[in-house]
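First the structure, in the form of structure tokens, and then the observations on it.
A, B, ... follow the sequence lines: proteins, then strands. Residue 1 opens every chain.
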2 protein chains.
Amino acid sequence: MTAPTAQELLGNALLSILKEEDRRRLAPHMMVMDLEAKDVLQKAGEDVVQTWFPCGGALASFCVWVEETGSSVEVALVGREGAIGGVVSNGRLPAFATSEVRAAGRFLRIRTSALEAAKLESIALRHWFARYSDCMLAQVFQTAACNASHTISQRTAKWLLAAMARTGETEFQMTQDQLAAMLGVGRTFVTRVVRQFREQGVIETRRGVFGVKDGAALREKSCSCTTAIEDHFDAVLHGIYPVE
Amino acid sequence: MTAPTAQELLGNALLSILKEEDRRRLAPHMMVMDLEAKDVLQKAGEDVVQTWFPCGGALASFCVWVEETGSSVEVALVGREGAIGGVVSNGRLPAFATSEVRAAGRFLRIRTSALEAAKLESIALRHWFARYSDCMLAQVFQTAACNASHTISQRTAKWLLAAMARTGETEFQMTQDQLAAMLGVGRTFVTRVVRQFREQGVIETRRGVFGVKDGAALREKSCSCTTAIEDHFDAVLHGIYPVE
DNA sequence: TGCGGACTGTCGACTTGTAGACCGACACGA
DNA sequence: TCGTGTCGGTCTACAAGTCGACAGTCCGCA
């Protein structure tokens, strides 16, 4: 539990995009934490007290509980491009979704109240977080449409690509069971899809591990949702739309 | 194209929840417009110049284009409880989803820049819009999970209940074709579901019209998503969580 | 009054995906 | 090294949902 170094701050893309001045507003309130897969960042129904910024290869996701099946479905994936916590709601409200660590790694943590206070002082800070919120919403929009219209095979490919983009890694510790649960589908069918991908040389798997061998081929197998989301992130967070 | 009356302002729940003082900030910039089904409020890719507040029985929805099928899937429904436009993004960004009128009616329109200016002056206004944004996100979260795990029959029931809650009406002009497209599913299967509901006395249908006869029975047929969303709206926008 | 287009109903073949069961393989701790 | 529990692979029966085709029906309009 220490304050973040400059390098750690820049390990999160959302923080690195801020003006030096705004980053300096937040840094003193931040704490570095190393978390393991399955650690819980926020629980549905509880107040959003902390906000988390994944660094490097860390990965987290938002999961929505489904009454009927007694399990959670993943609705958004967050890596070093974003943040989890009082982003859209500006804090002080019950979280609707649970957020869980998917890939172990380093996170920066700030009290949502401190983040809010900083936002009051800086319009630019407010704007960048609003932009990220917009991207988050876009991502979930696309996921909703995707879940309604694409096959499990496409969605599996999409998940692997999204995880790759958000971590910079090509290997993920994850059982097929867990992947199936996240996608909200049956395990045996995921196994079939995985075998197909593996036989085609697109991925490789070991017990509890997925490895992407051929990202381009995976993109072919995925749906257009992957690029739709990437394009929106690019436009909104990487300069196609000027900030002011 | 006239300025709204007090009654029209209160016809939208999000506006009615504001302090009189904040409502007065917005009112002079607002325009009353009557729109027809299929009118487009915002187009994906275009800047969000206007923000819209449905009144009374008006209904709009966010639709995401799906490349592969060449059609749009609905990801959120907005009625008098909310707004469409620069809510999450705070405007000045390309819309990710297209927004279309579903049920004709009266809308209040404000330039997003004017809404932004008012938000700069009033913290309470910012807070209420942040709360609504949070509810919107929750709604889309739930839709994503729902599309991944519930049957078409459940989702059909859910859609009718959501439309009822957002308009106060029990009848909707809508072909089975359109409903199927919104849900992102085949038309013939929706027809089967509709027939089943009708035979059980839950709904009645005429050419191009759906009517809900037994809301309680419809709730039984729907998934838990309906109440999950309602509960979050209640908590966040109707006083369970105090504003300050 | 008759025409044409949009909407609804129905059928059947097909694909996708589910649910449960079972087995072998692997990993890890005692 | 021996269990024991988790994980992956496979099979079967079945349910859910798609897709195309076609017929009937309603409705506005000429």
Item checked: Selection: residues 187-199 of chain B, any non-hydrogen atom under 4.0 Å of DNA chain D ->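 Only B/T188, B/F189, B/R192 qualify.
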Shortest non-hydrogen contact from [X] toward [Y]:
X: B/G70; Y: B/W65; result: O-CH2, 3.2 Å
X: B/S61; Y: B/R102; result: OG-NE, 3.1 Å
X: B/A97; Y: B/Q42; result: O-NE2, 3.3 Å
X: B/N12; Y: B/P54; result: ND2-O, 2.9 Å

Looking only at atom types and distance, does a side-chain atom of [X] sit under 3.5 Å from a main-chain N or O of [Y], one as donor and one as acceptor?
X: B/R198; Y: B/V194; answer: no
X: A/R106; Y: A/E8; answer: no
X: A/T167; Y: A/A163; answer: yes
X: A/D47; Y: A/V49; answer: no
X: B/Q142; Y: B/Q139; answer: no

Next item on the list: Determine whether more than 12 heavy atoms belonging to other residues, nucleotides or ligands lie under 6.0 Å from atom CD of B/Q200.
Entry: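 For B/Q200, atom CD is crowded (more than 12 foreign heavy atoms under 6.0 Å).
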Next item on the list: In plain terms, say whether B/E171 and B/R206 are close enough for a salt bridge, that is, a side-chain N and a carboxylate O under 4.0 Å apart.
Entry: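 Salt bridge: yes.
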Check: What are the 5'-most and 3'-most nucleotides of DNA chain D lying under 4.0 Å from any heavy atom of chain B?
Finding: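 Contact boundaries, 5' end first: D/dG17 to D/dC27.
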Notebook entry, point to check: Within less than 4.0 Å of OP1 or OP2 of C/dG9, is there a side-chain N or O belonging to B/Q176?
Noted result: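 B/Q176 to C/dG9 OP1/OP2: side-chain N or O found under 4.0 Å.
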Notebook entry, point to check: Between A/D177, A/L183, A/T175, which is the residue that forms a side-chain contact (heavy atoms from CB on, under 4.5 Å) with A/L179?
Noted result: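 The option that passes is A/L183.
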Margin query: Go nucleotide by nucleotide along DNA chain C from the 5' end; which of A/G184 and B/G208 gets its closest nucleotide reached first?
Written below: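 Its nearest nucleotide lies further toward 5', so the answer is B/G208.
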Check: Which of residues 148-161 of chain B have a heavy atom under 4.0 Å from DNA chain C?
Finding: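 Those residues: none at all.
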Next item on the list: Would you tell me whether A/S153 and A/T151 have side-chain atoms, one donor and one acceptor, within less than 3.5 Å of each other?
Entry: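 The answer is no; no qualifying pair exists.
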Notebook entry, point to check: Do the rings of B/F62 and A/F141 sit parallel, tilted or perpendicular, given the 30° and 60° boundaries?
Noted result: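 Judged by the thresholds at 30° and 60°, the geometry between B/F62 and A/F141 is tilted.
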Item checked: Terminal helix-axis angle for the helix from C/dT1-D/dA30 to C/dA30-D/dT1, with five pairs defining each axis and rounding to 10 degrees ->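 Rounded to the nearest 10 degrees, the bend comes out at 30°.
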Give every pair of a protein N or O atom and an N or O atom of nucleotides 24-30 of chain C that lie under 3.5 Å apart, one pair per line with the distance.
from: C/dC26; atom 1: O2; to: A/R207; atom 2: NH2; distance (Å): 3.2

Notebook entry, point to check: Between C/dA6 atom C1' and B/L179 atom CG, what is the distance in whole Å?
Noted result: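 These atoms are roughly 17 Å apart.
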Next item on the list: Not counting sequence neighbours, which residues clear side-chain hydrogen bond (donor to acceptor under 3.5 Å, both in side chains) with A/T51? List them please.
Entry: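 Testing A/T51 for side-chain hydrogen bond (donor to acceptor under 3.5 Å, both in side chains), a comparison that skips the adjacent residues, returns A/T112.
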